[in-house]
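All remarks here apply to the structure that follows.
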Number of protein chains: 2
Amino acid sequence: MKKKKVSITDLAKELNVTPSTVSRALNGLGNISTKRKEQIVNLAQKYGYRPNHIAKSMVSNKTFNIGLILPEFTHNYFNNILAGIESITYQKGYQLLICTSDALKEKEEKSCMTLLDARVDGILAAAGNSSDNLDHFSKIIDYGTPLVLLDRICEDLNTSYVITNDFDGAFEAVQYLIDSGCHNIVHIKGPDYISTSFNRFLGYQQALKKNSLNYREELVIAGDSEFFLDDVNNILNTFPIDGFFAFSDYNAYEVVKVLKQRDCKIPEDISVIGYADEPLAQYISPQLSTVKQPAYEIGKRAAEILLKIIEENIEVPMTEQLKTSLVHRETTKNKFISI
Amino acid sequence: MKKKKVSITDLAKELNVTPSTVSRALNGLGNISTKRKEQIVNLAQKYGYRPNHIAKSMVSNKTFNIGLILPEFTHNYFNNILAGIESITYQKGYQLLICTSDALKEKEEKSCMTLLDARVDGILAAAGNSSDNLDHFSKIIDYGTPLVLLDRICEDLNTSYVITNDFDGAFEAVQYLIDSGCHNIVHIKGPDYISTSFNRFLGYQQALKKNSLNYREELVIAGDSEFFLDDVNNILNTFPIDGFFAFSDYNAYEVVKVLKQRDCKIPEDISVIGYADEPLAQYISPQLSTVKQPAYEIGKRAAEILLKIIEENIEVPMTEQLKTSLVHRETTKNKFISI
DNA sequence: TTGAAAGCGTTACCAT
DNA sequence: ATGGTAACGCTTTCAA
C-alpha cells in the first residue's frame, strides 16, 4: 500500500511554524534565522522528507519532463539517439517520457496529445513516415510547447530541427563507388513516403550526373518490394552491374547475400554500400561499407537545443545539420588514385 | 512562449456556473441536466479544453506514470523488454518514465529517487550488476511503491520478479552439445558480479556432471578478460576442444572469429552456442546457435504484474519464471539419435 | 524573521 | 440539479 509521505505542512505543524517558513528553510530562499533553518532541515532529514514534484509543478507550471516520440527502439539508430538525448537531459535534471509511435500516424497523434496533457516542458520527436498530415505536430507548436524534430524535415512545420544531410551522404557514397571504378550502379530505394528516401535517391542521381553517367530508371529497385530478391537477381542477369548503393544496411545485407549465392566477388566484381552503420554492418562478412549517421550526436544536439529553448525562452526556430561520414569496410574497393 | 491553457474554472466563469458543475459535466459523473452538460461540453470543445493531469494527480495521488530503470538500450534484449512493457502500458493508459543506469550503482540509486520523487505509480527495474548494495530498491519498497524486478533475482529483496531460468538455459545448451557428440566443452564465463553468470556457469557444470563428464577448471575462460582472445587460442592449442558454450552471443562471436582464423570447421570440428539471441546471431556466418530469452514476454509479464499490483492493490510479491529455448542454427551439429 | 492568505486545476463532500 | 468549500502540497506576496 502506498504510504503517505511527509509534507511541508507536516513538518510545519511539528515545529509550530508555518509551511511558508519550512518552504523557505528547505529552499534556502528568503530570510530565515540560522537556528530555525537548522532545526527544520534536521527534522526534514529525520523524516526523510522529499519535495512533491507534482505540487511544485502545479505552482511553477513546469514539470522537468521532456516528451520523446520515436518510431521504435529496435534499430540501433534510435537507441543511439536516445542515449545522446539522455546524456543531456540527465545532466540537466530532466526526465524523459517516452512514446513509441511504431511509425503509425494514429499512435503518433495520440502520443502528442498524451505528452501535451502530461504538461511536458518540451517534446523531441522523430516523425514517422506519413508526411502528409502533420496536424498533431502543429498542435504542439500552437500550444506553445517547444518542439525539436529529428531526422526528417517537415516542410510545413515552422519549428526547430536536427537533421543529417541525406543528399550529401548519398552523393558521397555514390561518388566513392564511381571513384573506385564502378559505372553501373544500382540504387535500392527506400519507402516512397519518407523524405529521406527521396533525398538519398536524389544524391544518387546527382552523383551520376556530376560524373557524366546516365541515370537509368531500370537500375533503381524498391527496397520494400515483396519481389525484392527477384528484382536484384533480374537486374544482375540483365545488366553488367558493378555497384550497389542501398537505402539501408538491411537492404545492403540482402544484396550481399544474393551476391554471395551467385559467387560474385565482393568488392572486386561488385561493390556495395549501405546506409546507417547499424551493428550488423560489422558482423556480416564481408563487413559492409556504409554511410554513418551521427545518431548519438543528433540526439545530443536536439536535447541541447530543446533545453535551450525551454530555459532561455527562445522563440526563433533553429535548424542544425550534422554531417554523415562514409565508413569504408570490405564491400568497397580502394579509390583509384586520380592525378 | 508557453500558452496558458483553458481550465475548468475558465469554462465555469464563462457559463456562470461553478467549477464543480463543469467537472461533473466533463466527467459524466454525478447529476447534471442534459442541457447544461451539452452546453459545457460544447464550450470545452470550442476552446479545446484538455484536463490538467498534474492537477488530477494532486487530488487523486495517482500519476499514471510508470518508472523504468534499465542498464542501457543498446542491446536488443533490453529493447525487446521495453517493447513488451510498452505493449501493456500503452493499452492501459500509462506513460513510461525511463532512466538508464548504465549499470552504475550511483545512477541506479539516483534514478530510484528521481522516480519516487516524480510520484510514479510503480517501478520496473532491471538491476545493474552490483548485487551488494540494494538499499535503493529497498527504499522503493519501504515507500510502498510497487516494484517489479526483471532479469535477476536479488535474494534480499522481498518484491515481485519476472525472470528466466539461466540455469536451465545453460543446462539445455550444454546437454545439446554433449548429445551432438562434444566431450571437451569450454565455458566462456560472464562477469563475476552478475548472478546470471553464476547460474549459467552452474548449468554448465551440472550438465557435465549429469553426463559423467569431468568438470575441469582449465576449460573455463572469463569472457571479460583483457586476454580473452589469447586465452581462447591457448586453450585450443592445449586441449582437444570440440565445443564452446558462451555466456553471451558477443563472446560466442569472438570465439567463432578465432575459430575461423584457425581454419576450424564449424560445427564439424567445434560447436559453439551463445546466449541471448541478439540479432548478430543471425547475421554472422555461420549463423550462431544460441539460447533465446523471451525478452518481449519478460517485459510484457512484468508490466502486467506491476499494473495488477497497482490497480488491485495486491500486497503479496509474485515471482514468474519464463522459459528459454535453444535456437539451433549453423554452429551446432544435429543430435545423435539415441535409441 | 515569521505568519497569513491566495492560488495553481481539479475533485469530493455537503448544502441548498 | 447546482453551488460552495475544502483539500491535495507547495510557493509567493504582502503584512506584521
Side-chain angles (χ1 to χ4, degrees), chain A residues 2-41 43-44 47-65 116-121 143-145, chain B residues 2-41 43-44 47-65 116-121 143-145:
Chain A
K2 227 169 171 177
K3 277 172 197 126
K4 193 181 167 315
K5 280 138 196 146
V6 25
S7 72
I8 275 195
T9 323
D10 298 332
L11 299 177
K13 271 185 198 144
E14 178 145 350
L15 292 174
N16 280 317
V17 294
T18 54
S20 358
T21 309
V22 177
S23 172
R24 279 188 289 252
L26 263 20
N27 293 308
L29 301 172
N31 291 324
I32 197 159
S33 70
T34 335
K35 202 180 139 196
R36 256 285 129 80
K37 183 167 174 178
E38 202 174 307
Q39 189 186 26
I40 292 173
V41 168
L43 193 71
Y47 285 144
Y49 166 78
R50 295 253 105 200
N52 186 327
H53 281 201
I54 310 276
K56 278 193 159 154
S57 295
M58 280 251 26
V59 3
S60 68
N61 204 23
K62 187 158 167 47
T63 57
F64 281 92
N65 285 167
L116 250 17
D117 285 350
R119 286 351 196 220
V120 292
D121 294 339
Y143 274 28
T145 300
Chain B
K2 225 167 171 180
K3 278 174 197 124
K4 196 185 165 314
K5 278 138 196 146
V6 27
S7 73
I8 276 196
T9 323
D10 296 333
L11 298 176
K13 271 186 195 141
E14 177 145 349
L15 292 174
N16 281 318
V17 294
T18 56
S20 355
T21 309
V22 177
S23 173
R24 279 187 291 251
L26 262 21
N27 291 309
L29 302 172
N31 290 325
I32 197 158
S33 70
T34 335
K35 203 180 141 198
R36 256 285 126 81
K37 182 166 174 178
E38 201 174 310
Q39 189 187 26
I40 292 173
V41 168
L43 193 71
Y47 285 144
Y49 166 78
R50 296 251 103 202
N52 186 328
H53 282 202
I54 310 276
K56 278 191 162 159
S57 296
M58 279 251 26
V59 3
S60 67
N61 204 23
K62 184 156 170 46
T63 57
F64 281 94
N65 285 166
L116 250 18
D117 285 351
R119 288 347 198 222
V120 292
D121 294 338
Y143 274 30
T145 301

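Computed from a prediction, not measured in an experiment: that's the story for all the values here. Keep in mind that the numbers below use all heavy atoms, side chains included, and drop hydrogens, waters and symmetry copies. Proteins get letters first, then strands, A, B, ... in listed order; numbering begins at 1 in each.
- To the nearest 0.5 Å, atoms CZ (Arg24(A)) and OG1 (Thr21(A)) are separated by 5.0 Å.
- Note that CD1 of Ile32(A) is 9.0 Å distant from OG of Ser23(A), once rounded to the nearest 0.5 Å.
- To the nearest 0.5 angstrom, Arg36(B) atom CZ is 14.5 Å from Asn31(B) atom CG.
- Between the CG atom of Asn65(A) and the CZ atom of Arg119(A) there is a distance of 13.0 Å, given to the nearest 0.5 Å.
- Across all strands, Asn16(A) comes closer than 4.0 Å only to sugar-phosphate atoms, never to a base (heavy-atom distances).
- Distance OH/Tyr49(A) to CG/Leu43(A): 12.0 Å, rounded to 0.5 Å.
- No more than 12 heavy atoms of other residues, nucleotides or ligands shown are found within 6.0 angstrom of NZ on Lys13(A).
- A close approach under 4.0 Å does occur between a side-chain nitrogen or oxygen of Thr18(B) and OP1 or OP2 of dG3(D).
- One distance of note links CE of Met58(A) with CD1 of Ile54(B); it measures 8.0 Å at 0.5 Å rounding.
- Extent of DNA chain C lying under 4.0 Å from chain A heavy atoms, first and last nucleotide in 5' to 3' order, is dT1(C) to dG9(C).
- Considering Leu116(A), Thr63(A), Asp117(A) as possible partners of His53(B), the one that fulfils the side chain to side chain contact (heavy atoms under 4.5 Å, CB included) test is Asp117(A).
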- prompt: In the 5'-to-3' direction, what one-character label does each nucleotide of nucleotides 6-16 of chain D receive under the scheme B = base within less than 4.0 Å of a protein heavy atom, S = sugar-phosphate only, - = no such atom?
  reply: --BBBBBB---
